[in-house]
Amino acid sequence: MKKLTGIFSALLVSFNEDGSINETGLRQIIRHNIDKMGVDGLYVGGSTGENFMLSTEEKKQIFRIAKDEVKDQVALIAQVGSVNLQEAVELGKYATELGYDSLSAVTPFYYKFNFAEIKHYYETIIAETGNNMIIYSIPFLTGVNMGIEQFGELYQNPKVLGVKFTAGDFYLLERLKKAYPNHLIWAGFDEMMLPAVALGVDGAIGSTFNINGVRARQIFDLTRAGKLEEALAVQHTTNDLIEGILANGLYLTIKEILKLQGVEAGYCREPMTAKATEAQREKAKQLQQKFL
Ligand code: NGF
């Protein structure tokens with residue numbers, strides 16, 4: 001298994017105007033991440049990959065293309081979580097056979113599952129695939145808020161490596177790291193990377209690393225080295241960029257910026273707005289010129 005710590009891009013997927021996957025564009029995004037951003041790995045099939053709007057076959061296609069393009073150059077994590085447990089297992093088996101270094105699964109969402117049901121979900125995916133598991137906790141989208149004891153229960157399974165923590169609850173983050181120092185935490189909010197690294201996270205997984213991966217690594221390394229003023233300066237610039245991206249449409253804007261850099265990043269997947277307006281393209285151009 002490859003090292004799973006450090007800077008991981010949450011991989012964007014290029015779509016054609018009709019919504020189908022643009023394989024050439026997807027491969028270019030992957031190459032850009034490895035060759036230009038210098039990431040340690042890719043998180044495939046996450047929110048950034050517009051995953052929850054795709055069919056099972058499309059998700060498999062993306063896992064297959066990513067593995068084929070990456071080979072063994074960087075680590076690969078497959079997000080296989082789904083509110084359909086059978087689909088999660090099927091995807092987990094598929095990614096495991098392809099050689100993904102770890103699986104990750106979002107907490108089951110939409111229905112108000114109790115903790116016993118959530119635990120059963122993770123135990124089932126692990127038992128059926130035999131692969132490692134990273135819990136994907138993103139309460140602001142799923143509504144699932146787990147506490148320290150619940151993480152502890154999930155961590156009793158030796159295959160659970162840790163959590164991708166997309167939340168601003170730094171008290172919980174600190175408590176988790178103190179209580180379970182051998183379990184890994186990946187920071188999920190790029191705009192809050194510095195405080196997360198200061199509290200001891202082992203890595204970060206982010207959408208904006210597709211274009212801002214070099215600064216993300218600077219924040220990570222400088223904070224770990226205790227150079228907080230320098231790290232904060234980079235975080236400020238990063239957040240000026242992220243603020244502009246969020247105001248203009250998250251994935252659409254990152255894709256428009258990638259296009260300006262010669263990467264065929266394509267369209268988004270409906271029901272998200274698939275195509276940038278002229279005004280959004282112009283804003284992306286300004287962000288590119290100012291920050292990248
Ligand atoms: O895009 C989202 C959720 N969050 C990502 C990241 O946590 C998602 C984050 O980078 C991810 O890793 C995945 O693809 O599953 C934000 O986009 C960024 O911090 C800007 O807020 O909406």
Side-chain angles (χ1 to χ4, degrees), residues 4 6-14 26 29-30 33 37 39-54 59 62-63 66 75-82 88 91 95 100 102-109 133-144 162-170 173 184-197 201-213 215-217 219-220 234-235 237-258 265 268-269 272-273 287 291:
L4 289 171
I7 301 299
F8 278 64
S9 271
L11 187 66
L12 284 162
V13 174
S14 177
L26 175 56
I29 295 172
I30 293 168
N33 270 296
M37 296 296 103
V39 297
D40 295 304
L42 297 173
Y43 188 83
V44 185
S47 324
T48 308
E50 301 173 60
N51 173 76
F52 303 105
M53 295 170 286
L54 307 183
K59 293 174 191 182
I62 291 163
F63 287 144
L76 280 173
I77 300 170
Q79 196 299 119
V80 300
S82 167
L91 292 171
Y100 274 65
S102 179
L103 304 179
S104 178
V106 70
T107 51
F109 50 88
M133 172 60 65
I134 298 166
I135 311 295
Y136 181 6
S137 178
I138 181 160
F140 94 100
L141 289 182
T142 59
V144 179
V163 58
K164 169 165 140 46
F165 189 92
T166 306
D169 185 346
F170 288 111
L173 176 57
L184 302 173
I185 302 181
W186 291 261
F189 271 132
D190 316 355
E191 53 276 47
M192 302 182 205
M193 192 170 164
L194 189 160
V197 179
V201 299
D202 306 275
I205 299 171
S207 65
T208 62
F209 304 168
N210 285 274
I211 50 170
N212 197 47
R215 282 200 191 95
R217 184 176 297 285
I219 298 168
F220 193 72
V234 184
Q235 185 78 70
T237 311
T238 288
N239 288 3
D240 289 344
L241 169 62
I242 292 177
E243 191 177 32
I245 290 172
L246 290 175
N248 200 48
L250 178 57
Y251 308 131
L252 207 61
T253 305
I254 301 177
K255 286 182 181 181
E256 287 305 315
I257 291 175
L258 279 170
C268 286
R269 174 74 173 229
M272 276 189 191
T273 305
L287 292 170
F291 296 108

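Whatever order the structure lists ligands and atoms in, that order sets their numbers, starting from 1. No experiment lies behind these values; they were computed from the predicted model shown. This chain uses plain numbering: 1 for the first residue, then up along the sequence.
Not a single donor-acceptor pair under 3.5 Å links the side chain of N33 to the backbone N or O of I30. Between the side chain of Q235 and the main chain of A216, no donor-acceptor pair closer than 3.5 Å is present. With hydrogens and angles disregarded, no donor-acceptor distance shorter than 3.5 Å links the side chain of Q79 to the backbone of Y43.
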Can you give me a line-by-line list of nitrogen or oxygen pairs between ligand 1 and the protein shorter than 3.5 Å?
{"from": "ligand 1", "atom 1": "1 (O)", "to": "Y251", "atom 2": "OH", "distance (Å)": "2.7"}
{"from": "ligand 1", "atom 1": "7 (O)", "to": "K164", "atom 2": "NZ", "distance (Å)": "3.1"}
{"from": "ligand 1", "atom 1": "7 (O)", "to": "T166", "atom 2": "OG1", "distance (Å)": "3.2"}
{"from": "ligand 1", "atom 1": "7 (O)", "to": "G188", "atom 2": "O", "distance (Å)": "2.6"}
{"from": "ligand 1", "atom 1": "10 (O)", "to": "D190", "atom 2": "OD1", "distance (Å)": "2.8"}
{"from": "ligand 1", "atom 1": "10 (O)", "to": "D190", "atom 2": "OD2", "distance (Å)": "3.1"}
{"from": "ligand 1", "atom 1": "10 (O)", "to": "S207", "atom 2": "N", "distance (Å)": "2.8"}
{"from": "ligand 1", "atom 1": "10 (O)", "to": "S207", "atom 2": "OG", "distance (Å)": "3.3"}
{"from": "ligand 1", "atom 1": "12 (O)", "to": "K164", "atom 2": "NZ", "distance (Å)": "2.7"}
{"from": "ligand 1", "atom 1": "14 (O)", "to": "S47", "atom 2": "N", "distance (Å)": "3.1"}
{"from": "ligand 1", "atom 1": "14 (O)", "to": "T48", "atom 2": "N", "distance (Å)": "2.8"}
{"from": "ligand 1", "atom 1": "14 (O)", "to": "T48", "atom 2": "OG1", "distance (Å)": "2.7"}
{"from": "ligand 1", "atom 1": "15 (O)", "to": "S47", "atom 2": "N", "distance (Å)": "2.8"}
{"from": "ligand 1", "atom 1": "15 (O)", "to": "S47", "atom 2": "OG", "distance (Å)": "3.2"}
{"from": "ligand 1", "atom 1": "15 (O)", "to": "Y136", "atom 2": "OH", "distance (Å)": "2.7"}
{"from": "ligand 1", "atom 1": "17 (O)", "to": "S207", "atom 2": "OG", "distance (Å)": "2.7"}
{"from": "ligand 1", "atom 1": "19 (O)", "to": "D190", "atom 2": "N", "distance (Å)": "2.9"}
{"from": "ligand 1", "atom 1": "19 (O)", "to": "D190", "atom 2": "OD1", "distance (Å)": "3.4"}
{"from": "ligand 1", "atom 1": "19 (O)", "to": "E191", "atom 2": "OE1", "distance (Å)": "2.5"}
{"from": "ligand 1", "atom 1": "21 (O)", "to": "E191", "atom 2": "OE1", "distance (Å)": "3.4"}
{"from": "ligand 1", "atom 1": "21 (O)", "to": "E191", "atom 2": "OE2", "distance (Å)": "2.7"}

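For the salt bridge (charged side-chain N to carboxylate O under 4.0 Å, His left out) test, residues two or more places apart in sequence or in another chain that qualify with K255 are E50. Listed by chain and number, the residues in a salt bridge (charged side-chain N to carboxylate O under 4.0 Å, His left out) with D40 are K3, R217 (sequence neighbours excluded). Checked against salt bridge (charged side-chain N to carboxylate O under 4.0 Å, His left out), R269 has the following partners two or more places apart in sequence or in another chain: E58.
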